[in-house]
Structure formats: structure tokens, C-alpha cells
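Quick note on labels: first sequence line is chain A, next is B, and so on, each numbered from 1.
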There are 2 protein chains.
Amino acid sequence: MATILDVARLSGLSKTTVSRVINNHPYVSEEKKKQVLKAMKELGYTPNPSARRLRGQLTTTIGVIVPRIVNPFFSHLVNSIEQAAYKKGYQVLIFQSYEDKEKEIAFLNLLKTKQVDGVIMTSIENDWKMIESYKEYGPILLCNDYVNQTVAPMIRLDQSKGAYLGGKHLIDKGHQKIAYCTGGLFDEEGKGKDRNHGFQKALHEARIKINPKWIFVDQHTIADGKQVMKQILEMDDRPTAIFTGSDEVAGGIIIEAKEQGLAIPQDLAVVGFDDQPIAEILDPKLTTIRQPVDQMGEKSIQVMLNILDNPETEIKSYELPIELIVRQST
Amino acid sequence: MATILDVARLSGLSKTTVSRVINNHPYVSEEKKKQVLKAMKELGYTPNPSARRLRGQLTTTIGVIVPRIVNPFFSHLVNSIEQAAYKKGYQVLIFQSYEDKEKEIAFLNLLKTKQVDGVIMTSIENDWKMIESYKEYGPILLCNDYVNQTVAPMIRLDQSKGAYLGGKHLIDKGHQKIAYCTGGLFDEEGKGKDRNHGFQKALHEARIKINPKWIFVDQHTIADGKQVMKQILEMDDRPTAIFTGSDEVAGGIIIEAKEQGLAIPQDLAVVGFDDQPIAEILDPKLTTIRQPVDQMGEKSIQVMLNILDNPETEIKSYELPIELIVRQST
DNA sequence: TTGTAGGCGTTATCAT
DNA sequence: ATGATAACGCCTACAA
């Protein structure tokens, strides 16, 4: 592996001059610059990022933490972040936390050791206090997931509004018996509480009481959705509509419902969340809440680079529009 | 950021001793070991990977190149690779080439500069000759995509057989007018040629002539599939079945066909490729060729670590089983 | 069993 | 405009 010294030797100049050329510093004559460039090419020279980082340079790398990349919502989010970063000359390091606290911390350590200039977290596993302690090593930005106070720059969606829109839509369609399905819990304080609030608000406004039997928590996958549908089928008193926390769960519900001979939306209206590709693939096509993934990525990078450039930037929270997409499942 | 020197000072010992503790070397008394561990914890010390890499250590990091992570096939493949790597204490660096030659090379440079111990390529954009020149810096393993000679360890599937199975299945179902849809070209030598061969073989055996009008090249997405279906509908002489290069394209075809009032499989039988989650979501469920993603990841890591451990290992190619999954779309 | 010193490749500082 | 040198944090001969 060729080093800067090799280039220096071959071009008959000093390491310093070579370094100047590499980094586009001034005070290098055109002539010597050419010599250096030629030597670099001849040797197939590539600067060693480890040495650069060790030397304390910016890494032009941003870390992104997602729970799991196989979740289409996150793979699209990562993609949009990466695209935006690339345009600005930044690389992206993708890391899956698998919803594991320790893995999350392990990744945050990259910030400490200057492997990345900043970290974008699309989900939070540890307590914020734990994560906060890493802020001194570099900016941490929250995209998608968020905490309550504005303790870090956040790119967020009004999840509460999203759930409200979904619930309201079902009510407007004449439903009174509405089930609810979340990836989190139905606690006052747990994961997914904002969506819970929004949903509750919609029902409350219409003076509809929530039936606890129709609340399903910790549901994530297509398989989970099928399971939920099976449970519903066994009930004496069944809901006529269901609001879910993800398009995938909604998909599972629809598939299983059809399998069991139910008609969607006549026998059961279904609302998803995310507007993933699957929403248009399902038959009937899924009514869902659209999360503006591309904008989220774009904005995250914009804010992150801004902070990197100007560390004194005020910490702000940005809210992106979330909207209801009505299709055939309601 | 605390360094090894800080730990040494706090524990009243030398850098060497601290290093020994970090790396679990022998010849450290229990007592001093405890002191060191205590100091490390107190300072929140994390070794700096850049310094380690610069020093020429193994990085316990493996790079994976995929064309695009939003493609579910690749996100699942990456996932399985990462899972397998994690079990062995390795990290995975994910990189998207976006089917761009330069980006691919940029990533291969990480090998040169010892950022990763080895690279797993799930797709190849540049000529093999170009890529081969990076082999001197570390092992390059081909997983999924492959070249013709055994010039590198390869984990591959018999794509030709897969396409043959798909074509044969349609023929067995009584079809004579079979269309073909590929993500590559229909050349003798281009991308996707193995599948082309397999498909051609199946038809050839049944003495069916291929109708060039029914060949669609460079098709990748759901939108592409819809487009293909539209083209078919405009034909006077329509195929009664279609074999596609991906479940997504197949999905687009099915969605559009239903939209236009065609019945699947009565009016058009459809075979996909990959057996992605979407295959079971589609209605009717998709008959497709299953690629054993989990096994591919597992095997790739196994072979990679083996080579890392023992660089003289013979270069071999491993073939994993590919199979036809019959569902409702045929 | 423990410590000293040198070097990995780079860039910033300070000469010249 | 160019060059010598120190320093980033770590590991490992070598010495004690």
C-alpha cells in the first residue's frame, strides 16, 4: 500500500507538499502539483482514512443508527439520508441496533473515537440521559424517533396528528367499533405514546369509548398482523375497523382476513402507517398515513451539516408534514 | 476523549500494561488488571479504532457492497451477513454502489487502507480485471453475483437452473406463449445471461420458439412491471404466461393486470424470482424462485473468516440450492 | 511481570 | 513556495 512518503519520494518532493496537493492547500506551484498528481496516479495512492482520523481531521462520515435495515421504512430512510449526504460529499455509516441497548452504545462510541463526525439516530433504545453523555463528542441528531424536550436537533413528524387523522378518517366513514394496533405499548409513557394520544383524541372527540379488548400492543410484522386478525375472528363482539401502527401489520391483517373470507373494507376497514410500497401492492390498496421519508433524510443532513459547520447553531426541532392517503381499504 | 495514556496515568501503570489488559495478553497480575479495568471504567475509555488500524491490526470489520439497500433482496442478504458476522465478533460496513462503477472502486479502497479486513461483493459493476487488482490488499468474496472462472471465493446460486425451473414449470402448466422479463439484457454475454440460458433451455427442450416481442430487458421495479403489463395489453398476439427476473416486477405486472380486469393466472400466469416477502402479500400469491438468503449470508461469513484465518485456503466456489415455490399465480 | 521507545500515515506548525 | 518535525493513539519488540 502506497503512502504519502512513497508519493513524496517518487515525485522528488516532501511529504508536506504532497499533503498540500491532496488537500488543495494554496502555495503549491502548478508544476510541482502536476508532478505530485502524476506520482499519485502511478502508485495508485489513496490517503489512509485511519491516519487522517487519528490526526484529528473531519471524517466526512456520518453515522446512521436504524433498528433494522430489513424494515422497508428504515431502508428507505437510510437511502434518502445517504443520497442527501452524498451530494454534500459525505459518506454514511449504517448501523443496525436490532433494538438492543448495548449495540446502540457501541455505535455511539464511534463518535467518541472520531470515526464519524456526527450521528443520526432514527430510533432510540437507551434512556436519553445515557445517550446525552455522548453529545460532548459530536452532534447527535434525532430523525423520526424523538424525546420530549428539545435536547437535541430533531427532525420529527407529528405522530399524534398522524394517528388522529387515521382515527378520524375511520369515524368519518361511520365506524364506531374501532380496534387499535401499535408497535409500542398502550401506556401513558411508553413507546408510541404520541400515536396513542392522537388516536384517543379522535375517538374522544366523537364520544366513542375505547374497548380494551381491541387494543393490540407490540405488533410489528406481517405475521403479527395475521395473528391479530385471527384473534379478532374469535371475538363475539368484533370491531368493524382497525387502525394499525405499520403497513406491514395492516398487510398481515388484510391477507388473513381475505383468507378467512372477510371482505375489506366491508367487513373490516383497515388503516396502515408509513405508506410503504406494500401499501399499493395490497389488494385492496391500503389507506395509510404517509411519512415523508425523502424529506426527512434531506432535512436531517441539511441540519447536521449546518451544525458541523457552525457548532453554536441553536438546537431546534423541525416538524415535517404527515398526511392521510386514502385508498381502498377503508 | 480519554486515551490509553490517561488510563495508564490514572492507574499508575504504563501504557504497555494497559494495552495488555485491553487485549487480554498474559503476564499481567490480577491486581494490576483490576486497577486498569477500574481506571478504564472511570474514564469511560474506548480504544480508538483509527489508531488500531493504523498500527496494522485486524479491524474485525468486513465490508459488504450492495447495489441498493432498498431492494428487499439485498437488505435481507445484508441482514443475514451481519447476523452471521456478529456471532463471530465481526462488524459489518454496508456500502451501496448504486450500480455505479466509481462508487464501487471507492469502497474497494477501504481494503487498501485497511479499514476492513475483507470485502463481500453482492454485485459487480466493474470488470473483474479492475476488481482483481484489489485482491492483493485483502480477500474479496463474491456472494450472489459471480464471474465465470473461479478467480475468487464465490457463494453462488445456479441462476441458470432457477430460470430453467421457472420456464419448465410454465410449460408443464400447458403454456406455449411465454414472455420473459429480466433485470439485465438478453445478450449472449451481458448481465443476467445465466438466467437467459436457463430459460432458453427450458423452452428449447419443449420445442417452443422464443418470440422476441415478448422479451423485456432492464426491468427492475414495481413501476417497471406495470409498464410491461401495459405493453402486453397492447399486443395483438399476447403471451399467456410470463417469467420475470424479480418478485417486484412480477408484483407490478399482477397489480396492473388486475387493474385492467385480467385474471391471474387464468389470463396470464406469472412467475417471480427471489421469494421476497411481497410474494406472499400479492393476491394471488406469487409462484417464484426461492433464493436461500440466510444460507448465503451464513456461508459467506464462514468462508471469509476461514480465509482471513488461513490466507492459503484454496479458492473455491460454493453453490447453494435454488428452488421453485409454487403458489397461486400460475 | 512490567516498562521504554519506535513507528503506523497523516497534517499543522514553524522554519527557511 | 517548500521542507523538517512533532503529534494523533495504539501495539509490540526489546530491555529490565
Side-chain angles (χ1 to χ4, degrees), chain A residues 1-40 43-61 109-117 137-138, chain B residues 1-40 43-61 109-117 137-138:
Chain A
M1 178 54 209
T3 77
I4 200 172
L5 186 60
D6 298 323
V7 178
R9 278 204 266 261
L10 183 60
S11 59
L13 295 163
S14 72
K15 288 194 296 174
T16 308
T17 305
V18 176
S19 175
R20 288 211 177 89
V21 173
I22 295 170
N23 297 288
N24 272 315
H25 281 299
Y27 304 122
V28 189
S29 67
E30 271 310 313
E31 185 198 1
K32 315 230 158 177
K33 190 168 178 176
K34 266 185 201 153
Q35 290 178 44
V36 171
L37 257 15
K38 179 159 168 278
M40 280 178 28
L43 293 168
Y45 169 77
T46 316
N48 185 321
S50 292
R52 286 183 144 176
R53 293 201 236 274
L54 187 55
R55 193 60 183 67
Q57 290 273 289
L58 281 201
T59 64
T60 58
T61 302
N109 275 321
L110 294 188
L111 200 53
K112 220 167 162 176
T113 55
K114 293 273 172 297
Q115 308 304 295
V116 297
D117 296 335
Y137 305 112
Chain B
M1 179 54 206
T3 77
I4 199 171
L5 187 59
D6 298 323
V7 178
R9 278 205 265 261
L10 182 60
S11 60
L13 295 162
S14 73
K15 289 195 293 174
T16 311
T17 305
V18 176
S19 175
R20 288 209 176 93
V21 173
I22 296 170
N23 297 289
N24 271 314
H25 281 298
Y27 303 121
V28 188
S29 66
E30 270 311 312
E31 187 199 1
K32 315 228 159 179
K33 190 166 175 177
K34 266 185 202 154
Q35 291 177 41
V36 170
L37 257 16
K38 180 160 167 277
M40 281 177 27
L43 293 167
Y45 168 77
T46 316
N48 185 319
S50 292
R52 285 181 146 177
R53 292 201 236 275
L54 188 56
R55 191 60 183 63
Q57 291 272 285
L58 281 199
T59 65
T60 59
T61 302
N109 274 324
L110 294 188
L111 201 52
K112 220 167 163 178
T113 55
K114 292 275 172 296
Q115 308 303 295
V116 296
D117 295 334
Y137 305 112

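- Summarising the geometry, the separation between NZ on A:K114 and P on D:dG9 is reported as 10 Å, rounded to the nearest angstrom.
- Side-chain nitrogen and oxygen atoms of A:T16 include none within less than 4.0 Å of the OP1 or OP2 phosphate oxygen of D:dG3.
- Atoms CZ (B:R55) and C1' (D:dG9) sit 11 Å apart, rounded to a whole Å.
- Neither OP1 nor OP2 of C:dC8 sits under 4.0 Å from any side-chain N or O of A:N48.
- In the set C:dT10, C:dT2, D:dT12, the nucleotide with an atom closest to the side chain of B:V28 is C:dT2.
- Neither OP1 nor OP2 of D:dC8 sits under 4.0 Å from any side-chain N or O of B:T3.
- The interatomic distance linking B:K33 (NZ) with C:dT2 (C1') rounds to 15 Å, in whole Å.
- Contact record, A:T61 with A:Q115: CB-O, 4.0 Å, taken as the closest heavy-atom pair.
- Looking at heavy-atom distances under 4.0 Å, A:P26 makes no contact with the nucleic acid at all.
- Residue contacts for A:K15: at a heavy-atom cut-off of 4.0 Å it reaches a base atom on one of the strands shown.
- Taken to the nearest 0.5 Å, the NZ atom of B:K38 stands 10.5 Å off from the CG atom of B:L43.
- Taking for each of B:G12 and B:L54 the nucleotide of DNA chain C with the nearest heavy atom, the 5'-most of the two is the partner of B:G12.
- Residues A:M40 and A:V7 approach most closely at CG-CG1, 3.7 Å, considering heavy atoms.
- The interatomic distance linking B:M40 (CE) with D:dG9 (C1') rounds to 15 Å, in whole Å.
- Rounded to an integer number of Å, the gap from CG of B:L5 to C1' of C:dA5 is 14 Å.
- Taking atom CG of A:N23 as the reference point, atom P of C:dA12 lies 7 Å away to the nearest angstrom.
- How far CG of B:D117 is from CG of B:L110: 11.5 Å, rounded to the nearest 0.5 Å.
- Residue-to-nucleotide proximity on DNA chain D shows that, of A:S29 and B:A51, the 5′-proximal contact is made by A:S29.
- Look at A:S14 and you'll find a side-chain N or O under 4.0 angstrom from OP1 or OP2 of D:dG3.
- Taken from CG in A:L54 to CG in B:N48, the straight-line distance is 6.0 Å, to the nearest 0.5 Å.
- Distances shown here put a side-chain N or O of A:R52 below 4.0 Å from the OP1 or OP2 atom of C:dT11.
- Residue A:Y27 has no polar side-chain atom (N or O) positioned under 4.0 Å from OP1 or OP2 of C:dA12.
- Rounded to a whole Å, the CD atom of B:E31 is 8 Å from the P atom of C:dT2.
- In this structure, B:H25 and B:S50 both approach DNA chain D, and ranking their closest nucleotides by distance from the 5' end singles out B:S50.
- Of the listed nucleotides (C:dT4, D:dC10, C:dT13), D:dC10 has the atom at the smallest distance from the side chain of B:P47.
- Projected onto DNA chain C by closest heavy-atom contact, B:G56 and B:L13 fall at different nucleotides, the more 5' of which corresponds to B:L13.
- Of the N and O atoms on the side chains of B:T16 and B:S19, not one donor lies less than 3.5 Å from an acceptor on the other residue.
- Residue B:R53 is classed as having no contact, given no heavy-atom separation below 4.0 Å to the nucleic acid.
- Checking the phosphate oxygens (OP1, OP2) of D:dG3, a side-chain nitrogen or oxygen of A:T17 falls inside 4.0 Å.
- Checked against C:dT13, D:dA6, C:dG7, the side chain of A:R20 finds its nearest nucleotide in C:dT13.
- Look at CG on B:D6: it is 8 Å from P on D:dG9, rounded to the nearest Å.
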